[in-house]
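These notes concern the structure reproduced below.
It should be emphasised that the depicted structure is a prediction, and the values quoted were computed from it without experimental measurement.
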Amino acid sequence: MSKKTQNSKSFKNKSAPSDKPKPMVINIFQVSNSQTNSLIKNSVNERVVEMATADGWYASSYEGSGTPPTQNSILFLNNPPEEGIKTFLSGYQFTGIGPKVVEKLYASIGIEMVSHLLHGTFADLAKPLVNEKTINNIVSGWEKAKDYAGVNILLNELGFKGTQKRFVREHFGASFITRLNQTPFETLGAIPRLNFQEMEKILSRVNIDVDPEQIILAAAHFRLSQTERSYGNTSAPTQALISAVSKITNRPEDLVSETLEANHERFHWFLKDKKHFVQTRASNERDQTIRENLERIKEEFQRAGSNKNFVRSELKTSNDIELSEEQLVAVNRSVNEPVSIITGGPGAGKTTMVLGLVSALEALEQTVKICAPTGRAAKRIEENPILAKYEPSTIHRFLASTEQQKTKDFDVMIVDEASMIDVDLLVLLLEKIPDGASLVFIGDPDQLPPVGPGQVFRDIIDSGFVPVSRLTGNFRQAEFSDIIKAARGIITGTANGFESHLEESDFVFIETPPGDVATKVIASFFEDLPHKLPFCQQSEFQILSPMREHAAGIKNLNSVIQAKLSKGTKPAFEKKGRDFVKRFYTGDRVIMTQNNYELEIMNGDVGEFIGKTGTGYTIDFEGREVELKEAELDQIELAFAISIHKSQGSEYPGVIIPITTEHSFMLSRNLIYTAVTRGRQQVILIGQMDVMKQAIARVMKDRRYTGLKEILVT
């Protein structure tokens, strides 16, 4: 049985619906000589059997009563799902049962193993083959897992890994087979870490045929989506896309080019720096939404007392610090403009300027709301007693609080650390800015682009669409610490004159052979920083590594530090898999790796692992204790060492940064600059100076291909 995809108009990824999908119920059955043999259940829906017109094996989905099955609710497997069954029976539910045992049993009993387990006749057949303990483990495992047997066998047969299977269950549920039949590439393209060749293999396994044109178009959308997820690009050079699609599909570039041109309307094409670029329609619509909302905010802007220009004596700051000329200009511009941007690096005086800005807005009787992209960044704002009264929050928390809100409850939104905002988050934020309110973005454009797609802060600045005030802080250059001087040198391409002894500077570079970097990093974490900053807790020190792998990578450093800190104690949590062991001890520093909107914990939030409490495990996130279920601990990792990207928006008294040949291809000027500017009192770089200089010379590595600037300047 072969099928043609029924929808070739769009292959773009769509977010999952907000309603929780119905649970997956999958039946696997065989049709032979008009007879039906069900692998999982005792009977198969008669309507499903009628649709199974060819002999062979099938998988069908059940979407609940009141939803009659359709042709799209069955998949034709033809051959039995042998690999799916073997993988299922050697899974974690079946204690002590590995692939070799399953292969032995399968060789004698065959696919009927599952039916015998279902009907309770497995033990008698297996007795001559394996011992009683093995039989008991398989039978007890079946009792635990039988309700999900069909789902697991099918998803295993299609080659999905653990997180991919969970994604399918949570995002598609009972609709998975129907979606796969209707929009095959769109459905598979939404599943994380699935490459295009794997998609084609899956469609071949379930006998869904797509024509060459659809394959090329799907590959183009897949490639654009892939580069957005992996590299943050929201567009691509046209020729680069053609070349990539040609490699993915194994089809000549001229055919790819002709196919894309023949379907010109499915993409957005534009010129950027005299080069041809392309992006998906969805990406272009997202950029258009940003422009439309910025224009709306401009057009609806209203402020009593606008065009007021404050003088220094009218504005309050902490400790009666007087604003500089550039700070005063930034305040007055932000007070009078519907949308404005204020930029500045370390030492530029952003905090003092913000205090002056809120003082001016209070004088105009304006209601102020302050947000930041991460919890750590919001907490840093809250540490200032003057700004704390505005109850700074994360952008996500602000968005959640406005879901049911119909009226305007603030006049000015100030967004700090705006360089961290990705294009998706900006769309959500702009849509929640009420008519009549104004918006002020504050950030450092020299930091890394956001973890998510796009580089909206930089694009808006470069477009000239809104006024920009630039703070330099040069008027107080003599007060700069060595950290600030080094950061400014790095961002301008200079890496000279760094001290190598902690006693001499708050910024040091310790030359260390590649093989000794990890050892020296650990020594600095446990010895050098506590000695230099005796009034700080070790939990305030942070290692920032460019990569997860290698000796000086995040995984190894975390493992070594955890072992040293937990020596002689029992883990509060332990989970073992085939190729991993995950442990947490009371007191471990941990980091959230996904957004959990229900618990209001965001990707990048750092906390302290407390231990098992009640039905879950408690983690203290900056003074707020949150209980996670055991399954949710998959979203938690150790955080003694974290990535530089994850550190954005945070500051630490002491920072250690490995700079080594192991990580050289990941290093760039903006990456090192971002890491260095996380340290307040002491920054220690450990590694090779020649690697440092090579990295600082790499300026364009962190630039992204986007289309927002071009939308804003037209």
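- Contact check on Asp634 versus Arg166 returns a salt bridge, with a Lys/Arg side-chain nitrogen under 4.0 Å from an Asp/Glu carboxylate oxygen.
- Summarising the local packing, CZ of Phe526 is surrounded by more than 12 heavy atoms from other residues, nucleotides or ligands at distances under 6.0 Å.
- For the 3.5 Å distance criterion, the side chains of Asn156 and Lys165 qualify, holding a donor opposite an acceptor.
- When Ile421, Ile414, Val456 are each tested for a side chain to side chain contact (heavy atoms under 4.5 Å, CB included) with Phe441, only one passes: Ile421.
- Within a 6.0 Å radius of CD in Glu391, other residues, nucleotides and ligands contribute 12 heavy atoms or fewer.
- In this structure, a donor-acceptor pair under 3.5 Å is present between the side chains of Arg193 and Thr163.
- Of the possible donor and acceptor atoms, none in the side chain of Asp588 sits under 3.5 Å from a partner among the backbone N and O of Val590.
- The existence of a salt bridge linking Lys161 and Glu198 is excluded, since no basic side-chain nitrogen approaches an acidic carboxylate oxygen closer than 4.0 Å.
- Two residues are said to be in side-chain contact when any heavy atoms from C-beta on lie closer than 4.5 Å; His221 and Phe185 fail this criterion.
- Note on Glu228 versus Arg286: salt bridge recorded, some NZ/NE/NH1/NH2 to OD/OE distance being below 4.0 Å.
- Contact check for Arg205 versus Leu77: side-chain heavy atoms found under the 4.5 Å cut-off.
- Within a 6.0 Å radius of NZ in Lys582, more than 12 heavy atoms belonging to other residues, nucleotides or ligands are found.
- Using a 4.5 Å cut-off on side-chain heavy atoms (C-beta onward), Thr706 and Val423 make no contact.
- Residues Leu426 and Phe457 have side chains not in contact (no heavy-atom distance under 4.5 Å, counting atoms from C-beta outward).
- In the displayed structure, Gln537 atom CD is contacted under 6.0 Å by at most 12 heavy atoms of other residues, nucleotides or ligands.
- Under a cut-off of 6.0 angstrom, the local environment of NZ in Lys564 is sparse, with at most 12 non-hydrogen atoms contributed by other residues, nucleotides or ligands.
- Residues passing the side-chain hydrogen bond (donor to acceptor under 3.5 Å, both in side chains) test with Lys379: none are found, sequence neighbours excluded.
- Ring planes of Phe172 and Phe167: perpendicular class, angle over 60° (limits at 30 and 60°).
- Using a 4.5 Å heavy-atom threshold, the side chains of Thr289 and Glu431 count as touching.
- Counting all heavy atoms, side chain and backbone alike, Thr187 lies closest to Arg179 at OG1-O, 3.1 Å.
- A donor-acceptor pair under 3.5 Å is absent between the side-chain atoms of Arg704 and the main chain of Thr234, judged by distance alone.
- Residue pairs meeting the ring-ring contact (aromatic ring centres under 6.0 Å, His included) criterion with at least one member in residues 614-646, sequence neighbours excluded, are Phe573-Tyr617.
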